Structures are given as structure tokens and as C-alpha cells.
Amino acid sequence: MKFVIVSGGVISGIGKGVIASSTGLLLKTLGLNVTSIKIDPYMNIDAGTMSPLEHGEVFVLDDGGEADLDLGNYERYLNVTLTRRHNITTGKVYQHVIERERKGDYLGKTVQVVPHLTNAIQDWIEAVANIPVDAHGEVPDVCIVELGGTVGDIESAPFVEALRQFQFRVGVENFALIHVSLVPVINGEKKTKPTQAAIKDLRGLGLTPDIIACRCEQPLDQSAIEKISMFCHVGHDQVLGVHNVNSTYHVPLLLKQQKLIKFFQKRLRLDSIILSKERVDRGKDLWSRWLKLTNSHDRSFEKVTIAIVGKYTDLQDSYISVVKALEHAALAVQKRLEIVWVDSSDLERQKAISTSGTATPPSGQKLKYHTAWGKVCAADGILVPGGFGSRGTEGMIAAAKWARENKTPYLGICLGFQIAVIEYARSVLGMNTNSQELDEQIEDPVIVFMPEIDKTHMGGTMRLGTRPSVFQDGTEWSKLRQLYGLAQRVHERHRHRYEVNPEHIEDFEKHGMHFIARDDTGERMETFELSSEDHPFYVGTQYHPEYLTKVLTPSKPFLGLVAASSGCLDKVLDDVRHGSYGPAEF
Ligand code: GLN
């Protein structure tokens with residue numbers, strides 16, 4: 001097993017995850033099987049209880065693990081399925097060591113960070129790296145290990161020490177390190193000092209960079225490369241510039257141009273891994289499909305505008321998988337995607353316009369209201385993503401109503417699904433209703449709490465992970481089902497506590513809202529859709545299809561939304577029938 005560690009210096013949030021996933025992708029194009037592990041040095045056991053506004057999206061895995069959003073990057077780039085064990089946190093390793101201590105595994109010893117915790121980290125990495133993660137079920141050849149945060153942080157110290165030891169455990173030819181640094185431009189000059197200081201810190205901790213990946217706005221010039229090479233004590237070929245490019249899909253191209261693969265082939269003696277012709281061909285095919293995709297990205301000029309109406313719009317990473325799913329769908333139909341962000345609270349009339357005629361609305365609120373509605377009305381399609389809590393939900397309901405009445409394509413995901421159900425119940429069924437989550441006092445809720453779930457304990461108590469959704473008999477008319485290749489059942493990932501109240505299903509069906517897919521028992525509603533006579537594309541899914549989207553295989557509900565929004569859904573459905581857009585079933 002070859003290990004490629006990706007660490008960061010200077011500051012975090014400069015694209016370490018993308019560089020790590022792109023490196024993995026390049027190695028995969030050689031025919032190697034690649035897996036990945038993300039280390040998050042925080043105390044939380046997992047990302048499940050963290051606010052999306054603070055840490056970005058919580059990514060959900062097949063096994064129900066709630067993980068850092070970088071695991072999503074890996075799954076999408078490498079086309080793999082990871083487990084909760086692929087995300088290591090400080091909380092998890094401490095919990096593991098403490099449990100072992102209580103069991104008496106270290107009897108008679110003083111349990112310490114070195115060697116007990118650092119050993120546990122190394123054992124964990126080794127064990128997890130060997131788990132087969134792709135459809136072929138083969139043990140991976142290479143494992144990318146991304147260390148979150150920046151080297152030198154107090155939090156990451158035990159992990160850095162564990163990795164220092166790990167290079168000797170696995171052997172030098174099986175361990176390489178990419179350190180991602182930042183080269184800022186001050187008064188027109190590229191500054192290499194922060195990188196020099198970062199590498200000094202790294203070496204001081206016993207780690208040697210094999211590649212220094214320098215994030216910069218403009219391409220790194222030769223003089224900067226030479227300076228970094230000289231002061232950081234590495235060869236010129238070990239300094240790579242990763243400047244801002246058109247899209248993150250171009251990063252693998254950038255790394256390949258700078259001979260990253262050649263470097264690793266030599267450094268990690270990759271030629272010693274014997275690969276079958278089939279695997280080499282698989283790798284080549286992946287690369288040619290990737291090139292085709294980036295080309296088509298560069299040549300898509302026709303725009304499609306999707307409004308994302310949500311409550312965490314201040315930090316766009318909160319919806320990163322949704323954004324990626326839209327991007328993948330737009331790439332597939334060769335359209336240039338424009339996302340407009342709408343904070344759903346801004347759509348709420350009550351707040352913006354005084355109804356009593358006496359109180360004046362807060363300054364700027366009216367403008368926000370009209371601007372937000374301007375965006376919604378101008379969009380080609382509307383998407384209401386997942387979310388928790390009541391803030392902004394009346395705004396989402398208003399957006400869902402607008403989309404339905406004006407025949408604008410709509411996709412509601414999880415909360416967005418529930419929102420459209422509430423809206424339909426109010427406007428079409430004439431009910432005075434809400435979700436129990438949003439209004440605990442509501443007498444006749446259409447969205448109710450799922451009974452078997454623990455109300456008091458937070459973290460891991462939701463309906464989480466992959467569950468089957470079964471398309472009901474007689475739903476061949478459904479565009480969503482056709483997008484899935486008329487599959488009978490699909491497997492998508494879930495993360496929710498509430499669901500449609502089964503008592504009202506008949507009434508909904510009678511009034512045109514069709515719950516076309518349900519869970520195995522038939523009791524839980526998984527998707528709804530309005531018929532073609534009523535709407536060109538009005539779909540909601542209780543599950544989160546964005547978690548399974550892949551760069552080369554776009555998620556089907558998103559493909560439907562983007563295609564309907566750009567007027568080519570019929571053509572796409574035709575193409576799906578002829579096998580385009582990747583496997584039908586997820
Ligand atoms: N808050 C809703 C629920 O728990 C929706 C969850 C979500 O959108 N992920 O059911």
C-alpha cells in the first residue's frame with residue numbers, strides 16, 4: 001500500500017481537499033485503485049452536530065456516517081464509497097483509546113498520547129486503507145490521507161507525530177507527502193516567505209515535503225519556483241503551482257502538466273505494482289472521459305440559472321454537494337450553470353412590509369425582499385435544499401408556491417420536499433397546516449416526527465444513510481422514474497427526523513400530488529411529483545440525491561431539474577433511454 005499524505009501550511013481553506021482528490025484521480029488514471037482518509041483534528045466524534053454555517057455541509061455516507069464535506073470530494077472524484085471509519089477525528093481516536101483503557105487493554109501502563117494515541121492513529125489508518133471502496137471490490141493500491149487544519153496547530157500535533165512515525169512503519173518508498181501552501185501577491189509581488197516558514201515548521205516536526213503545492217491567484221513564475229526550491233531545500237520539480245482555474249475540474253490537468261504523476265511513479269516506485277491490461281484501460285478511459293468533460297465545460301455558453309432558496313446561504317460550503325450535483329448535471333447537458341443564492345427569510349412578506357400600517361419595517365428589509373423575489377422570478381429553476389429549524393421556512397413555502405403556480409421547474413430536497421408538501425396542503429387541499437418541526441402546536445400537521453427516533457439525544461439519531469425507495473406500480477409516467485431508467489427501486493442517502501403524515505396521503509393523491517416512490521413498508525413517502533399536465537417538473541425527494549452525484553455520472557433528480565430548466569428534458573429522457581448519463585440506479 002502506498003500512502004500519499006496531504007497536509008497544509010499557512011492557512012486552511014485554500015483547496016487542500018481538491019488538490020488531494022485531484023492527485024487521487026490522477027493516480028486512478030494509471031489504473032491504480034485509490035482510497036482516501038480524512039483526518040479532522042477536532043474533538044467532535046463526527047460532523048453530525050456541527051452547524052453548516054460554521055463548518056460547511058455535513059456529508060452523509062452509505063453507512064449513515066455523518067462526515068466532513070471533504071469525504072464528498074473524494075467520493076465524487078474517485079468514484080468510491082467510503083465508510084464512517086474513513087473520517088478520523090480527535091474525538092474518535094480518544095474514544096477508541098479510552099474504551100480500550102477501560103477494557104484493560106493497557107493494564108499496568110500509563111496511557112499516553114505517545115505512544116498509545118499515536119499508535120492507535122497509525123493502526124486505524126492502516127486498517128481503513130485496506131477496505132475495498134469501489135465497485136470492483138479490490139483492495140486499494142494507494143491511500144490518500146488528508147490532514148485537516150494546518151501543521152503547527154495544537155490540535156493536529158498527535159496526528160503529525162503519528163504520521164512522522166508512520167513513514168518508518170510503512171517504509172520510505174511507500175510514503176510521500178504533499179504540503180499545500182499559499183503564495184500571496186502583495187503589491188504585485190508573489191511572496192514566498194509564508195511557504196518557507198510553513199516548510200520550516202513541517203521539517204521541525206520531522207516531516208519532509210515531497211511536493212510543495214503552492215496555491216496562488218496567477219500561475220507561479222519560474223523565479224518564484226526557484227526561490228521556493230532553494231529556500232525549502234527541494235528540487236524544482238517538487239514545487240507545483242496551483243493557480244486559480246476555470247473550475248476545480250481543471251486542477252487534475254494542472255497537476256498532470258507539472259508532471260506530478262511522473263514524480264510519484266519514481267518516488268513511490270509505482271511500476272512495481274503489476275496491473276492487468278483491463279485496469280490500465282480502465283484508467284485510460286477515465287482520463288479521456290475527464291478531458292472530454294473539462295472541454296465541454298469550457299465550450300458551454302448557454303446559461304441556465306438555478307435559484308437556491310435556503311437558510312444557510314451565507315456560507316456556500318453549506319450546500320457544497322448540492323452545488324456539485326447541479327454542476328455535474330449542467331456539464332452533462334452542456335449548459336453554463338449560474339447559481340443565484342436567495343436567503344429564504346428575505347422572501348417573507350411579514351418581515352418586509354408592515355401589515356398594520358403603523359410600524360416601519362427595518363431599513364433595507366424592503367429592498368432585500370424585492371431583490372430576493374427578483375432573483376426567484378428570474379430563475380430558470382428553483383431548488384429548496386435540506387435544512388433544520390423554522391427560520392426562513394415561510395419564505396421557502398412562498399418560493400415553492402411560486403414555482404408551482406408559474407410552472408418553473410422545482411426540486412425540493414428533504415426539507416425542500418416537506419416544504420412543497422406543506423405548500424400543496426395549504427393551497428390545494430385547503431388545510432391550515434405545517435410541519436411538527438416548524439410549529440409544535442399545529443393541530444393537523446402534514447409532516448410528523450418519526451416515532452422510533454430518540455427525541456433527547458443529538459448526534460446519529462436521525463434516519464441516516466442509504467435506504468431503498470420503491471417506485472409504486474403505475475408510475476411509469478414519472479419523469480423522475482424515467483431519469484432513473486424506469487428502475488423499480490433506487491438507493492439514495494437520507495438524513496431526516498420528520499416525514500409526510502401517512503394519514504393524508506390519499507387526499508394528496510386525489511388532488512394531484514403523487515407519492516411515486518415510498519420506502520419498503522410503503523409507509524414513508526420518498527418522492528413526490530406532479531403530473532406533466534400540471535407542471536413541467538415539480539419534484540421532491542425526502543432523500544438527499546446530492547450525496548451520490550459523481551462528476552461523470554450526474555445525480556438523476558438534479559439532471560431532471562437542470563434539463564427541465566434549460567428546456568431539454570425531453571431530449572435527456574430520450575438519451576437516458578439510450579443509455580447515456582451513466583448507470584440508472586444508485
Ligand atoms: N428538518 C427536516 C427533518 O429532520 C429535514 C432534514 C433535512 O433537510 N436534512 O426531517
Side-chain angles (χ1 to χ4, degrees), residues 46-53 55-62 64-67 69 72 308-313 315 317-323 325 344-345 382-397 399-400 410-423 425 433-440 442 445-467 469 492-502 504 515 518-519 523-528 539-549 555 557-558:
D46 60 36
T49 55
M50 291 162 90
S51 157
L53 279 175
H55 199 74
E57 167 190 276
V58 176
F59 190 75
V60 178
L61 299 161
D62 256 9
E66 297 175 284
L69 56 85
I308 298 186
V309 181
K311 67 186 276 199
Y312 312 118
T313 47
L315 181 72
D317 263 1
S318 310
Y319 299 116
I320 183 155
S321 294
V322 170
V323 171
S344 55
S345 313
I382 293 173
L383 189 146
V384 178
F388 295 83
S390 63
R391 181 173 66 83
T393 48
E394 288 303 323
M396 295 174 198
I397 291 172
Y410 175 91
L411 177 63
I413 297 170
C414 206
L415 180 66
F417 161 91
Q418 298 170 359
I419 287 292
V421 171
I422 299 168
E423 193 282 313
T433 188
N434 208 331
S435 156
Q436 253 173 9
E437 178 191 14
L438 312 177
D439 180 355
E440 279 183 37
I442 196 78
V446 277
I447 307 291
V448 290
F449 186 68
M450 296 164 64
E452 80 270 29
I453 292 188
D454 194 327
K455 249 189 186 179
T456 51
H457 286 74
M458 293 305 226
T461 59
M462 282 185 267
R463 182 168 182 244
L464 279 166
T466 299
R467 305 287 154 95
S469 300
E492 298 264 17
R493 296 179 181 171
H494 294 69
R495 183 172 190 250
H496 65 118
R497 290 192 178 89
Y498 294 83
E499 64 175 309
V500 182
N501 188 348
H504 295 293
F515 292 98
R518 307 181 182 189
D519 78 334
E523 271 167 25
R524 290 165 203 262
M525 302 303 119
E526 293 282 4
T527 66
F528 73 70
V539 169
T541 63
Q542 183 60 79
Y543 52 76
H544 289 263
E546 70 272 25
Y547 291 136
L548 283 180
T549 188
S555 160
F558 285 86

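Counting starts at 1 for both ligands and their atoms, following the listed order. The model shown is predicted, which means the values in this text are computed figures rather than measured ones.
- Contact atoms of ligand 1 toward R495: 6 (C), 7 (C), 9 (N) (distance under 4.0 Å to a heavy atom of the residue).
- Judged purely by atom type and a 3.5 angstrom limit, S555 has no side-chain atom pairing as donor or acceptor with the backbone of A325.
- Taking every non-hydrogen atom of C414 and a distance limit under 4.0 Å, the qualifying atoms of ligand 1 come out as 5 (C), 6 (C), 7 (C), 8 (O), 9 (N).
- Proximity of a side-chain donor or acceptor of R467 to a complementary backbone N or O of L464 within less than 3.5 Å is detected.
- The nearest heavy-atom contact from the protein to atom 2 (C) of ligand 1 is E437 OE1, 3.3 Å.
- Taking atom 10 (O) of ligand 1 as the reference point, the nearest protein heavy-atom neighbour is Y498 N, 2.9 Å.
- Side-chain atoms of S344 never come within 3.5 Å of backbone atoms of M396 as a donor-acceptor pair (strictly under, hydrogens ignored).
- What you find for V446 and A425 is that their closest heavy atoms are CG1-CB, 3.9 Å.
- In terms of N/O distances under 3.5 Å, ligand 1 is not approached by Q542.
- Among all non-hydrogen protein atoms, the one lying nearest atom 5 (C) of ligand 1 is G387 O, 3.4 Å.
- Remark: ligand 1 atoms within the under-4.0 Å shell around heavy atoms of G386 are 8 (O).
- Listed for the E526 side chain is no donor-acceptor partner under 3.5 Å among the backbone atoms of T541.
- The aromatic rings of Y319 and Y312 are tilted relative to each other, their planes meeting at an angle between 30° and 60°.
- Atom CD1 of I447 sits about 12.0 Å away from atom CD1 of I442, to the nearest 0.5 Å.
- Considering backbone and side-chain N/O atoms, L415 comes within less than 3.5 Å of an N/O atom of ligand 1.
- Contact analysis leaves E499 out of contact with ligand 1, as no non-hydrogen atom separation drops below 4.0 angstrom.
- When hydrogens are left out, the protein atom nearest atom 4 (O) of ligand 1 is R497 N, 2.9 Å; that is the closest non-hydrogen contact.
- Ligand 1 has Q418 within reach: a non-hydrogen atom of the residue lies less than 4.0 Å from it.
- Looking only at distances, a side-chain donor or acceptor of Q418 sits under 3.5 Å from a matching main-chain atom of Y498.
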